[in-house]
Amino acid sequence: MSDEINRGKEEPKPSVSFIEQFIIDDLKEGKNNGRIHTRFPPEPNGYLHIGHAKAICLDFGMAQKYGGKCNLRFDDTNPVKEEVEYIDSIKEDIRWLGFDWEEREFYASDYFGKLFDFAIDLIKKGLAYVDDQPAEVISAQKGTPSQPGTESPFRNRPVAENLDLFYRMNEGEFDEGSRVLRAKIDMKSPNMHMRDPIIYRILKSPHHRTGDKWNVYPMYDFAHGQCDYFEGITHSLCTLEFEVHRPLYDWLIDQLKTSDYRPRQIEFNRLNLTYTMMSKRKLLELVQEGRVSGWDDPRMPTLCGLRRRGYTPESVRKFIDLIGYTKFEAINDVSLLEHAVRDDLNLKAPRVFGVLDPLKVIITNYPEDKIEDVEVINNPEDESMDSRKIPFGREIFIERDDFMEEPPSKFFRLAPGKEVRLKGAYIIKCESFRKNKDTGIIEEVHCTYDPGTKSGEGSSGKKVKGTLHWVAVRYALDAEVRLYDRLFDHEDPAGQKDEDYRKFLNPDSLKILKGCKVEPSLQSAKPLDKFQFQRLGYFCVDYDSTPGSLVFNRTVSLKDTWAKMNK
RNA sequence: UGCUCUGUGGUGUAAUUGGCAACACGUCUGACUCUGGAUCAGAAAAGUUCAGGUUCGAGCCCUGACAGAGCAACCA
């Protein structure tokens with residue numbers, strides 16, 4: 001290529017997120033000896049959703065890109081809410097997304113000993129005290145964001161007494177809720193988190209990893225920053241709401257650190273999507289109240305839900321990449337997510353014929369018992385995917401929507417006297433149809449075919465506007481198809497003050513179609529196999545599917561300009 | 001009435017030393033098509049929350065407003 005051409009189209013500089021820019025700058029300055037170490041710290045109290053995917057892609061992605069490492073660390077500081085079930089699903093989902101933490105699977109509970117020692121150390125330095133007051137009193141003394149707090153009467157308890165009490169708290173001598181350990185910082189701080197935060201509480205539920213070894217457990221705020229520190233994390237990436245916690249983490253690390261090293265916390269915006277919500281608590285409610293079939297209901301924004309819906313990890317990653325990381329709390333349009341899957345599946349998904357709402361067509365001039373195997377391309381976007389043969393015969397099913405008794409002028413499909421191409425087969429002409437006099441339902445369409453128009457062989461000079469998909473009656477397989485729509489009919493169901501999000505549940509978010517007809521090659525399709533049902537959309541085999549009764553989930557429809565014209 | 005953060009087409013982002021506001025999704029045309037898909041060509045759409053200031057020149061710097069979000073769990 002000549003210099004002139006090169007000059008003409010300069011590579012647009014790839015723009016990086018503000019976080020990546022910080023990392024680049026830190027690297028340039030030689031911080032941490034050029035080391036990059038991140039972590040993804042989920043709490044094992046629910047399933048991962050696409051919002052977590054945003055964090056995962058950043059945590060693992062930055063490490064990958066800059067030759068660093070990313071730990072998986074479960075934030076399991078609350079034995080009351082956390083379960084082993086969730087740990088396995090979280091690991092599965094991270095792997096599915098395409099990331100690997102190698103041997104670095106850690107738990108906040110791995111550090112309970114160190115954390116306890118640190119608490120003892122703070123007590124000895126006069127920086128922590130045992131408070132005997134009940135939760136409500138402590139809470140009242142905290143003040144409000146606009147009013148300073150007041151000091152606890154136990155604030156100046158002697159060190160020896162604090163030490164004795166704290167040890168005895170851990171011995172199990174006191175009831176849950178009777179005493180807590182607090183850091184002694186500043187009750188008048190404008191930052192609520194600095195007003196003598198509770199750092200240890202008594203909890204007597206057994207922990208999934210440490211059993212009944214401990215009777216006191218660190219609060220998240222007392223564990224998170226230090227765990228990062230213990231693991232040598234260089235960049236602690238988290239969401240915006242932890243911005244106000246940062247001074248507390250810094251204060252704690254100041255008491256702990258023995259060198260200049262300190263993890264750098266950088267906060268970014270959460271992922272919000274239109275017509276859904278990310279609150280783990282509310283998602284759990286949907287599951288528990290039976291409003292969805294489970295965490296992996298294909299309407300859920302969970303990773304297992306998206307997987308079951310037919311999303312590919314590539315499409316999720318692409319979407320995350322598209323929306324970026326900023327400090328602005330945004331709400332992203334689902335249509336971008338849908339674009340990402342369509343874009344990915346367009347290249348990957350084999351095309352097949354499936355008829356959702358079958359209407360029988362009889363080709364009256366086609367021999368009774370003749371069956372032809374016609375050849376169809378598997379994917380016009382990818383020649384290497386080759387072609388396959390499907391059976392064609394005198395009786396076929398077409399989509400009910402593809403026939404109209406009295407069509408408008410722009411209707412390019414089948415109608416009395418009109419001709420259409422049957423994809424991969426012949427051009428047919430509608431000669432007549434049979435209608436049920438009582439119901440008005442069209443029961444059968446009678447057509448003739450032109451033998452000179454076989455696909456790939458000719459068209460007898462005919463030009464037809466429409467091409468239909470079809471399935472031969474004799475070889476059609478029955479299938480159940482589940483059509484999904486947005487779970488909520490409000491753009492921001494959880495953001496409506498004084499309105500319960502349940503009120504916005506979309507009653508039509510799931511339509512189950514029985515008696516759909518699909519081509520015989522789908523007989524052996526396995527759960528999670530993905531296809532494009534020609535002209536309809538992308539579909540994925542559901543876990544409920546068996547060779548004897550196929551079940552497909554619609555991932556997303558194809559763009560449909562005809563449907564749009566008719567709106 | 002406090003503290004922290006944030007305001008760029010409808011939506012999400014970009015603009016790296018202050019220099020013609022760019023890209024994607026969506027929307028709308030048209031072409032092509034044995035998928036009304038894909039693809040291709042094109043269009044509409046913001047003058048950067050507002051008001052001042054500095055500057056030859058401000059989305060970017062300064063000042064002041066306004067708006068939104070977060071913070072008052074023995075949750076994370």
Side-chain angles (χ1 to χ4, degrees), chain A residues 12-13 15-17 21 24 41-43 45 75-78 80-82 108 131 134-135 138-140 142-149 176-182 189-195 198-203 216-217 219-221 223-224 239-247 267 269 274 280-281 322-340 342-343 346-347 351 353 376-377 380-381 410-413 420-425 427 453 455-456 459 464-469 491 532-537 557-565:
Chain A
K13 285 173 203 152
S15 68
V16 299
S17 71
Q21 190 60 54
I24 292 170
E43 184 192 11
N45 71 340
D75 259 325
D76 57 350
T77 53
N78 187 351
V80 183
K81 288 168 61 183
E82 293 145 9
D131 196 330
I138 292 177
S139 166
K142 270 225 160 122
T144 69
S146 53
Q147 281 172 307
E176 283 187 13
S178 64
R179 273 173 242 259
V180 291
L181 185 69
R182 294 227 257 166
S189 170
N191 184 338
M192 295 293 289
H193 300 279
M194 300 297 271
R195 320 241 261 232
I198 292 169
I199 59 177
Y200 260 96
R201 77 291 212 188
I202 299 169
L203 248 30
V216 292
Y217 290 89
M219 297 289 291
Y220 172 83
D221 274 350
H224 191 82
T239 46
L240 253 20
E241 69 269 27
F242 292 104
E243 207 148 20
V244 282
H245 295 238
R246 190 166 7 115
E267 306 87 3
N269 62 344
T274 54
K280 265 202 247 180
R281 201 200 83 230
L322 250 19
I323 61 174
Y325 298 86
T326 68
K327 302 201 72 157
F328 177 65
E329 193 69 46
I331 175 154
N332 295 275
D333 200 322
V334 254
S335 64
L336 190 58
L337 213 212
E338 290 174 347
H339 167 259
R342 283 198 189 99
D343 203 40
N346 179 42
L347 301 175
R351 272 57 171 172
F353 289 5
V376 285
I377 296 288
E381 305 292 327
K410 291 249 172 76
F411 188 76
F412 303 147
R413 309 176 185 182
V420 292
R421 156 77 64 185
L422 292 176
K423 175 102 183 156
I427 290 177
T453 59
S455 185
S459 63
V464 291
K465 269 285 209 178
T467 300
L468 309 187
H469 60 280
E491 275 210 358
Q532 184 198 92
F533 283 13
Q534 204 110 163
R535 301 208 304 137
L536 299 175
S557 67
L558 245 31
K559 281 195 191 167
D560 189 343
T561 51
W562 169 248
K564 204 180 282 177
M565 277 163 63

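Lettering follows sequence order; numbering is per chain, from 1. In this text, all values refer to a predicted model and were calculated from it rather than measured experimentally.
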Tabulated below should be each protein N or O lying under 3.5 Å from an N or O of nucleotides 70-74 of chain B; please produce it.
residue : atom : partner  : partner atom : Å
B:C71   : O2'  : A:His193 : NE2          : 3.1
B:A73   : OP2  : A:Ser139 : OG           : 3.3
B:C74   : N3   : A:Gly177 : O            : 3.4
B:C74   : N4   : A:Gln133 : O            : 3.2
B:C74   : N4   : A:Ala135 : N            : 3.4
B:C74   : N4   : A:Gly177 : O            : 2.7

Using a cut-off of under 3.5 Å, enumerate the N/O to N/O pairs linking the protein to nucleotides 41-44 of chain B.
none

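Pairing for B:G70 is with B:C3, a Watson-Crick or G-U wobble pair whose two hydrogen-bonding atom distances lie under 3.5 Å. B:U16 is unpaired under the Watson-Crick or G-U wobble criterion, no partner having all donor-acceptor distances under 3.5 Å. Within the shown strands, B:G42 is the pairing partner of B:C28 under the Watson-Crick or G-U definition, both distances less than 3.5 Å. Nucleotide B:A51 has B:U63 as its partner under the Watson-Crick or G-U criteria, with both atom distances under 3.5 Å.
Side-chain contact between A:Glu43 and A:Tyr220 is absent, with no heavy-atom pair separated by less than 4.5 Å. Side-chain atoms of A:Asp75 and A:Glu82, non-hydrogen and from C-beta on, never get closer than 4.5 Å to each other.
Within the nucleic acid shown, A:Gly424 comes within 4.0 Å of at least one base atom, counting heavy atoms only. A:Arg351 comes within contact range of at least one nucleobase, with a heavy-atom separation under 4.0 Å. Residue-level contact check: A:Lys410 touches the bases, meaning some heavy atom is under 4.0 Å from a base atom. At the heavy-atom level, A:Ser189 lies nowhere under 4.0 Å from the strands shown. Nucleic acid contact class of A:Gly149 (heavy atoms, under 4.0 Å, all strands): none. Backbone-only contact: A:Ile331 has heavy atoms under 4.0 Å from sugar-phosphate atoms and none from a base. Residue A:Ser459 is classed as having no contact, given no heavy-atom separation below 4.0 Å to the nucleic acid. Using a 4.0 Å heavy-atom criterion, one finds that A:Phe353 contacts no nucleic acid atom at all. Note on A:Asn269: only backbone sugar-phosphate atoms sit closer than 4.0 angstrom, heavy atoms only; bases stay farther off. Using a 4.0 Å heavy-atom distance criterion, A:Pro380 is classed as a base contact.
The side chain of A:Thr326 places an N or O atom within less than 4.0 Å of a non-bridging phosphate oxygen (OP1 or OP2) of B:U13. In this structure, A:Lys327 does not reach the B:A69 phosphate: none of its side-chain N or O atoms is under 4.0 Å from OP1 or OP2. Look at A:Lys465 and you won't find any side-chain N or O under 4.0 angstrom from OP1 or OP2 of B:G36. Residue A:Arg342 places none of its side-chain N or O atoms closer than 4.0 Å to OP1 or OP2 of B:G37. For A:His469, no side-chain nitrogen or oxygen approaches OP1 or OP2 of B:U35 to under 4.0 Å. Within the 4.0 Å cut-off from OP1 or OP2 of B:C75, at least one side-chain nitrogen or oxygen of A:Asn78 is found. When the side-chain nitrogen and oxygen atoms of A:Ser15 are compared with OP1 and OP2 of B:A15, none of them lie within a distance under 4.0 Å.
On the C1' atoms, B:A31 is 47 Å away from B:A69, given to the nearest whole Å. For the C1' atoms, the distance linking B:C20 with B:U11 amounts to 25 Å, nearest Å. Between the C1' atoms of B:A41 and B:C34, the separation comes to 23 Å (whole Å). With C1' as the reference atom, B:A14 and B:U1 are 39 Å apart, rounded to whole Å. Comparing the C1' positions of B:G30 and B:A44 gives a spacing of 15 Å, expressed to the nearest Å.
Atom OH in A:Tyr217 sits roughly 16 Å away from atom C1' in B:C75 (whole-Å rounding). A:Glu243 places its CD atom 5 Å from the C1' atom of B:C5, with the value rounded to the nearest Å. Between the P atom of B:U35 and the CG atom of A:Leu422 lies a distance of 13 Å, rounded to the nearest Å. Regarding A:Lys559, its NZ atom lies at a distance of 8 Å from the C1' atom of B:G26, rounded to whole Å. Distance CD (A:Gln534) to C1' (B:U33): 12 Å, rounded to an integer number of Å.
A donor-acceptor contact under 3.5 Å links the side chain of A:Arg413 to the base of B:G36. Contact annotation: side chain of A:Glu381 to base of B:U39, donor-acceptor pair absent below 3.5 Å. The base of B:C25 has none of its N or O atoms less than 3.5 Å from a complementary donor or acceptor on the side chain of A:Ser335.
Here the closest heavy-atom approach between residue A:Arg535 and residue A:His469 is recorded as NE-ND1, 3.3 Å. The two residues A:Ile202 and A:Ser178 make their nearest non-hydrogen contact at CD1-OG, 3.9 Å. The minimum heavy-atom distance linking A:Lys280 with A:Asn45 is given by the pair NZ-OD1, 2.6 Å.
Of the two residues near RNA chain B, A:Trp562 and A:Asp76, the one whose nearest nucleotide lies more 5' is A:Trp562.
Both thresholds, 5.5 Å between centres and 30° between ring planes, are met by A:Phe412 relative to the base of B:G36, so the two rings are stacked.
Between A:Ser335 and A:Asp333, the side chains place a donor N or O and an acceptor N or O closer than 3.5 Å (distance only, hydrogens not considered).
Between A:His193 and A:His245, the two ring planes are tilted [angle within 30° to 60°].
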